[in-house]
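Sequence lines set the chain letters: A, B, ... in the order given, protein chains first and strands last, and positions in each chain run from 1. Note that the coordinates shown come from a computational prediction; the quantities given were computed from them, not determined experimentally.
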Amino acid sequence: QSVLTQPPAASGTPGQRVTISCSGGSSNVGTKPVSWFQYVPGTAPKLLIYSNNQRPSGVPDRFSGSKSGTSASLAISGLQSEDEADYYCAAWDDSLNGFVFGGGTKLTVL
Amino acid sequence: QVQLVQSGAEVKKPGASVKVSCKASGYTFHYYDINWVRQAAGQGLEWMGWENRDSENTVYAQKFQGRVTMTRNISINTAYMELSSLTFEDTAVYFCARGPPPFDYWGQGTVVSVSS
């Protein structure tokens with residue numbers, strides 16, 4: 001069971017906006033920066049968002065992140081078929097003295 | 001450009017050890033930490049630990065303490081992760097990632113299969 005809680009699945013049609021949530025606690029999301037990764041099995045995970053809402057260069061602005069209290073969210077607007085992947089939130093956890101990932105959300109583009 | 005290139009797939013028997021390498025290029029190796037993350041079949045991403053850039057400190061996830069060793073050879077820009085006492089549950093894809101968080105660059109992954 002992951003320390004960070006994500007919905008196991010999400011879906012949307014092309015062009016739609018989808019949001020994926022990530023719920024944690026005061027030892028992780030509440031006090032530490034949150035990152036989001038896109039993962040297609042068989043490839044390397046890709047950093048989408050860091051420091052809650054910052055995009056690395058090369059990541060389209062369709063991807064955005066936010067955080068409020070002990071919850072964070074990833075929003076994907078203008079959904080495209082190539083966005084179909086697993087999405088993970090992550091943050092450092094002071095209680096565990098380690099980095100923790102959410103359980104992952106499988107995004108399906110219908 | 002920054003690249004992390006990992007060693008090839010491994011097949012091991014239960015109880016054995018495996019050592020995965022991660023060769024860095026395109027940046028100053030000793031300026032950054034190296035983290036290790038794995039993904040078992042049907043499971044999510046799981047952080048295993050990190051070795052800091054000076055090789056003076058390692059932090060291992062509680063789950064792997066006593067069984068994992070992370071090292072680096074600065075002279076050849078290569079980091080290593082050794083996992084001992086393998087069980088079937090260690091069958092997974094293992095990734096190295098440049099740190100500290102966020103992990104902006106990742107290796108391509110190394111498949112480790114534990115089979116009798």
J.: With a 4.5 Å cut-off on side-chain heavy-atom distances among I, L, V, M, F, W and Y, is there a chain of contacts connecting B/L4 to B/F103?
T.: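 The answer is no; the residues belong to distinct hydrophobic clusters.
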J.: Does B/M81 share a hydrophobic cluster with B/F29, counting links as ILVMFWY side-chain heavy atoms below 4.5 Å and allowing steps through other members?
T.: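 The answer is yes; both residues are in one hydrophobic cluster.
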J.: In terms of hydrophobic clustering (I, L, V, M, F, W, Y; side-chain heavy atoms under 4.5 Å; direct or indirect links), are B/V114 and B/F64 co-clustered?
T.: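 Yes: a chain of side-chain contacts under 4.5 Å links B/V114 to B/F64.
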J.: Counting only heavy atoms closer than 4.5 Å, note whether B/V111 contacts chain A via side chain, backbone, both or neither.
T.: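 It is neither, since no heavy atom gets under 4.5 Å.
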J.: Is it the side chain or the backbone of B/F95 that comes within 4.5 Å of chain A heavy atoms, both, or neither?
T.: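 Side chain of B/F95 only, per the 4.5 Å heavy-atom cut-off to chain A.
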J.: Is there a path from A/V40 to A/L79 through hydrophobic residues (I, L, V, M, F, W, Y) whose side chains come within less than 4.5 Å of each other?
T.: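 Different clusters: A/V40 never reaches A/L79 through Ile, Leu, Val, Met, Phe, Trp or Tyr contacts under 4.5 Å.
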J.: Do the side chains of B/M70 and A/L96 join up, straight or via other hydrophobic residues, at under 4.5 Å, putting them in one cluster?
T.: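 B/M70 does not cluster with A/L96.
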J.: Please classify the contact of A/P45 with chain B as side chain, backbone, both or neither, using a heavy-atom distance under 4.5 Å.
T.: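 Both backbone and side chain.
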J.: Taking the side chain as everything from C-beta on, heavy atoms only, tell me whether B/V59 gets closer than 4.5 Å to A/F99.
T.: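 Side chain of B/V59 against side chain of A/F99, heavy atoms only: no contact under 4.5 Å found.
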J.: Output all donor-acceptor pairs under 3.5 Å across chain A and chain B; consider backbone as well as side chains.
T.:
unit_1 : atom_1 : unit_2 : atom_2 : d
A/Y39  : OH     : B/Q39  : OE1    : 2.9

